[in-house]
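Notes follow once the structure below has been shown.
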Amino acid sequence: MALDGIVTRAIVHELQSCQGARINKIYQPNDRDIVLHMRTKQGNAKLLLSANPTYPRVHLTQETFVNPAEAPMFCMVLRKHCESGIIEDIQQVGMERIIHITIRQRDELGDISSKKIIIELMGRHSNIILLDPASSTILDGIHHVTPSISSYRVVMPGFSYTNPPEQHKLNPLETGQEAFREACLMSEEQAVPWLVGTFSGLSPLAAQEITHRTGAHASAEEETEKDCGSLWSTFNEIMELVRSHQYTPVTGLNGKGKSVFSVIPLSLLAGEAATYDSVSQCLEDYYGDKAQRDTVKQKVSDLLRFLQNERTKNIKKLNNLNADLEEAGDADRYRIYGELLFASLHQIQKGDREAKLTNFYDEDQASVTIPLDPLLTPSDNAQRYFKKYNKYKNSLAVIDEQLIKTREEIDYIENLLQQLAHASLNDIDEIRDELIQQGYLRDRNRKAKKKKKNDKPTLHVYTSSEGVELYVGKNNLQNEYVTNRLASSNDTWLHTKDIPGSHVVIRSSDYGDATLQEAAQLAAYYSQAKESSSVPVDYTLIRHVRKPNGAKPGFVIYDNQKTLFVTPNEQQIKALPNSVKNNRN
C-alpha cells in the first residue's frame with residue numbers, strides 16, 4: 001500500500017508531540033532524504049523526511065544514516081534557515097499527502113523569522129520544499145522543477161510557491177450520508193475505483209477494506225455491483241476511527257501475497273498480521289531498508305556487472321590453466337617418446353604415422369605406440385617430442401604460479417561481490433575506491449577530488465547484550481582498518497571458515513559466551529553463508545592474525561583458532577544496538 005491521506009493524517013497526529021521541539025542538526029544523507037535531529041520534551045529524536053520516488057514517507061526513525069563528506073546545497077540552505085529553530089506547527093493539507101512544518105528561528109540579526117518545510121508525498125513527483133511563508137517565496141527544493149519540466153508550476157529558488165494541482169475530490173471526513181449516497185448513485189463505476197476516484201486520501205487498499213467489510217464481494221480483489229447503503233455504513237465506521245484518531249498500525253499480506261501496511265484494522269489480510277505501538281514504528285518496519293537497498297541497487301549495478309565479468313574471465317582462465325596443467329603433466333611421457341625414437345631411428349621411415357616400440361623404461365618392457373608426423377624425418381620427430389618436453393617442464397612452474405594467482409583473484413572478486421550484497425551507499429564508495437587503488441578501475445574524478453583529511457573508513461559498531469562493542473567490517477578497507485589498526489592484540493577476531501565474509505572484532509578481552517555467540521552471529525550474517533545453517537565461524541586473538549606481504553586488501557592468515565557453528569538469525573542481529581561511526585557528520 002502506498003502512503004495515502006489517511007496514513008498521512010495518522011503520522012501528522014503522531015508528530016504533534018514534536019511541537020516545541022528544537023532542531024539541533026540537519027543532515028541530507030542522499031539526494032532524496034532529510035533527517036532532522038531534534039530535542040523534544042520526551043528526549044532526542046530523529047525525523048525522516050523522504051522524497052524518494054518509490055518510497056516517499058515522513059516518520060520518526062531509529063535508523064543510523066551515513067552522511068556525505070560535504071553537505072548538499074539544499075541541506076546547507078535548511079541549516080541556515082532552520083537549524084536551532086523551534087517546530088511551531090505540523091499540519092496536513094486537507095486529506096492530501098502534503099505536510100507543512102512551520103519553524104521559528106532567529107536570523108543573523110537576532111530577529112525572529114518563520115520558515116515552512118513542505119513535504120509533498122506524491123510518488124515520482126515527491127518533493128521537499130523550504131518556503132518563506134511571509135512572501136510565499138521558495139527558498140529551495142530538494143528536487144528542482146524547471147519550466148521545461150512542468151508548465152503548471154516551477155520549484156526553484158526565488159519563485160512563488162504553487163500548490164500541487166487539485167484533484168477536486170470529496171473530503172471523506174466531511175462527507176455526510178446524503179452526499180455519499182448521491183455521489184454513489186450517480187456513478188456507474190464499481191465500488192473500489194469509485195471510492196478511490198471520489199474521495200481524497202483513500203488508497204486502493206483502504207477502498208478494498210471498505211468493500212471487503214460490506215461483503216460487497218467475496219474477496220478484496222474481485223468486483224461486483226456496489227450497494228450504496230451498505231458501503232456508507234462501513235465507510236462511515238472507518239472514517240469515524242480516522243476522525244477520532246483511533247489508529248491501529250498493522251502490516252501483513254493481502255490476498256495476492258503482497259506485503260501491505262495500514263493504520264486502520266484490515267480484515268482482508270491473509271494470515272497473521274503484525275501490529276505496532278506507533279505509526280512511525282510501522283512505517284520503519286514496513287519500509288525497512290527497502291529504500292536504501294533500492295538506491296544501493298541503482299548505484300551498485302555497474303560495479304556488479306564489472307565484478308561478475310571479472311569473475312567469469314578468471315574462471316575461464318582457471319579452466320584453461322587446468323587444461324594446460326593436465327597437458328604439461330605429460331612432460332615425462334614426451335621425454336620418453338623422444339629417447340625411444342632416438343634409440344630406434346633405424347626402425348622408422350619418413351612418412352610413418354606411428355612407431356610401435358618396446359618401452360625399455362617399463363618394468364614389463366611393454367610395447368608403446370608413438371604418434372609421428374609423416375612429413376618429418378624420424379630424427380625431427382624425436383626432436384619435436386624433446387621440445388614439447390622442455391616447453392611443458394618449464395611451463396609447469398609458471399602454470400602453478402598462475403593457478404595460485406587466479407584462484408586468489410576469484411576469491412578476492414567473490415569476496416567483493418559478497419560485500420556488495422550488504423553494502424550501504426558509503427560502503428559502495430569505499431569498495432569503488434579500493435578497486436581504483438588496486439588498478440581495476442580508472443579514477444574518473446581524480447582531478448576534482450580533494451585530499452582526504454584522514455583515511456579512516458566507515459565503522460559499523462554493534463553492542464552485545466553484555467555491553468561489549470563489536471566492530472564489523474563490511475568491505476576490505478573497513479576489514480583492514482578494524483583488524484590491522486583498530487584492534488588490540490588481546491581483542492578477539494572472528495570470520496567465517498573458508499567462506500567470504502566480514503571481519504568481526506570483539507573490542508575487549510573480558511566478555512562472556514553471550515558476546516561470543518552474538519559476534520559469531522554477526523560474522524555468519526555478514527557472509528556468503530547468510531542463508532545457511534550451522535555456519536562455521538573461526539575465532540582467535542588478534543595477535544594470531546596477520547596479513548602476508550603483498551596480499552590483497554582484507555586478506556589475512558591466522559592460527560590458534562577455535563570454531564563455533566551458528567545459524568544466522570536476522571531478528572537477533574536487528575535487536576542488537578548499532579551505530580555507524582565516520583568522519584563525515
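What you see is a predicted model; the values in this text were computed from it and never measured.
Checking Thr102 against Glu88 by side-chain atom types alone, no donor-acceptor pair falls below 3.5 Å. With hydrogens and angles left out, the side-chain atoms of Thr146 and Ser148 include a donor and acceptor closer than 3.5 Å. No hydrogens or angles considered: a donor-acceptor pair under 3.5 Å links the side chains of Glu430 and Gln478. Between the side chains of Asn314 and Glu409, no donor-acceptor pair is found at a separation under 3.5 Å.
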key: Asn479 and Gln419: CA distance, side-chain angles, deciding distance, side chain to side chain contact (heavy atoms under 4.5 Å, CB included) verdict   = CA-CA 11 Å; Asn479 285 337; Gln419 290 168 7; 3.8 Å; yes
ask   = Can you list the steps and then say if Thr251 with Cys282 is a side chain to side chain contact (heavy atoms under 4.5 Å, CB included)?
value = CA-CA 7 Å; Thr251 60; Cys282 176; 3.8 Å; yes
key: side chain to side chain contact (heavy atoms under 4.5 Å, CB included) assessment of Ile101 paired with Leu49   = CA-CA 11 Å; Ile101 301 177; Leu49 316 177; 4.2 Å; yes
key: Residues Tyr247, His13; criterion side chain to side chain contact (heavy atoms under 4.5 Å, CB included); working and verdict   = CA-CA 10 Å; Tyr247 304 112; His13 176 69; 4.2 Å; yes
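Here the NZ-CZ distance, from Lys317 to Arg407, works out to 12.0 Å after rounding to the nearest 0.5 Å. For the atom pair CD1 (Ile99) and OG1 (Thr8), the distance works out to 5.5 Å, reported to the nearest 0.5 Å. Separation of atoms CD (Glu518) and CD1 (Ile506) is listed at 9.5 Å; rounding is to 0.5 Å. Distance check, rounded to the nearest 0.5 Å: CD1 of Ile431 to CG of Asn475 gives 5.0 Å. In this structure, Glu469 CD and Leu459 CG are separated by 10.0 Å, a value rounded to the nearest 0.5 Å. In this structure, CD1 in Ile142 is found 8.0 Å from CG in Leu78, a value given to the nearest 0.5 Å.
Heavy atoms only, all atoms of each residue included: Val566 and Ala520 are closest at CG2-O, 3.7 Å. Between Cys82 and Ile26, the shortest heavy-atom distance links the atoms CB-CD1, 3.8 Å.
Shown here are the ring-ring contact (aromatic ring centres under 6.0 Å, His included) partners of Tyr276, two or more places apart in sequence or in another chain: there are none.
A salt bridge links Glu401 with Lys405: at least one charged nitrogen is closer than 4.0 Å to a carboxylate oxygen. Between Glu570 and Lys530, none of the side-chain N atoms (NZ, or NE/NH1/NH2) sits under 4.0 Å from a carboxylate O, so this pair counts as no salt bridge. Using a cutoff of 4.0 Å between basic side-chain nitrogens and carboxylate oxygens, Asp285 and Lys574 are not scored as salt-bridged. Salt bridge annotation for Glu310-Lys313: present, with a cationic side-chain nitrogen under 4.0 angstrom from a carboxylate oxygen. Between Asp559 and Arg546 a salt bridge is recorded (basic side-chain N to carboxylate O distance below 4.0 Å). A salt bridge between Glu480 and Lys547 is present, with a side-chain N of the basic residue lying under 4.0 Å from a carboxylate O of the acidic one.
Side-chain contact between Val504 and Val537 is absent, with no heavy-atom pair separated by less than 4.5 Å. Taking the side chain as every heavy atom from C-beta outward, Asp411 and Lys552 never approach each other to under 4.5 Å. You'll find the side chain of Asn490 reaches within 4.5 Å of the side chain of Arg543, heavy atoms only. Arg97 has its side chain out of reach of Val7: every pair of non-hydrogen atoms, C-beta onward, lies at least 4.5 Å apart. Side-chain contact between Val154 and Val145 is absent, with no heavy atoms from C-beta onward closer than 4.5 Å. Looking at heavy atoms from C-beta onward, Tyr412 lies in side-chain contact with Pro553 at the 4.5 angstrom threshold. The shortest distance between side-chain heavy atoms of Tyr471 and Asp491 does not fall below 4.5 Å.
Taking the six-membered ring for Trp and thresholds of 30 and 60 degrees, Tyr27 and His37 have ring planes more than 60 degrees apart, a perpendicular arrangement. Classification of the His495-His503 ring pair by plane angle, with boundaries at 30° and 60°, yields perpendicular. By the 30° and 60° cut-offs, the orientation of the rings of Tyr286 relative to Phe261 is tilted.
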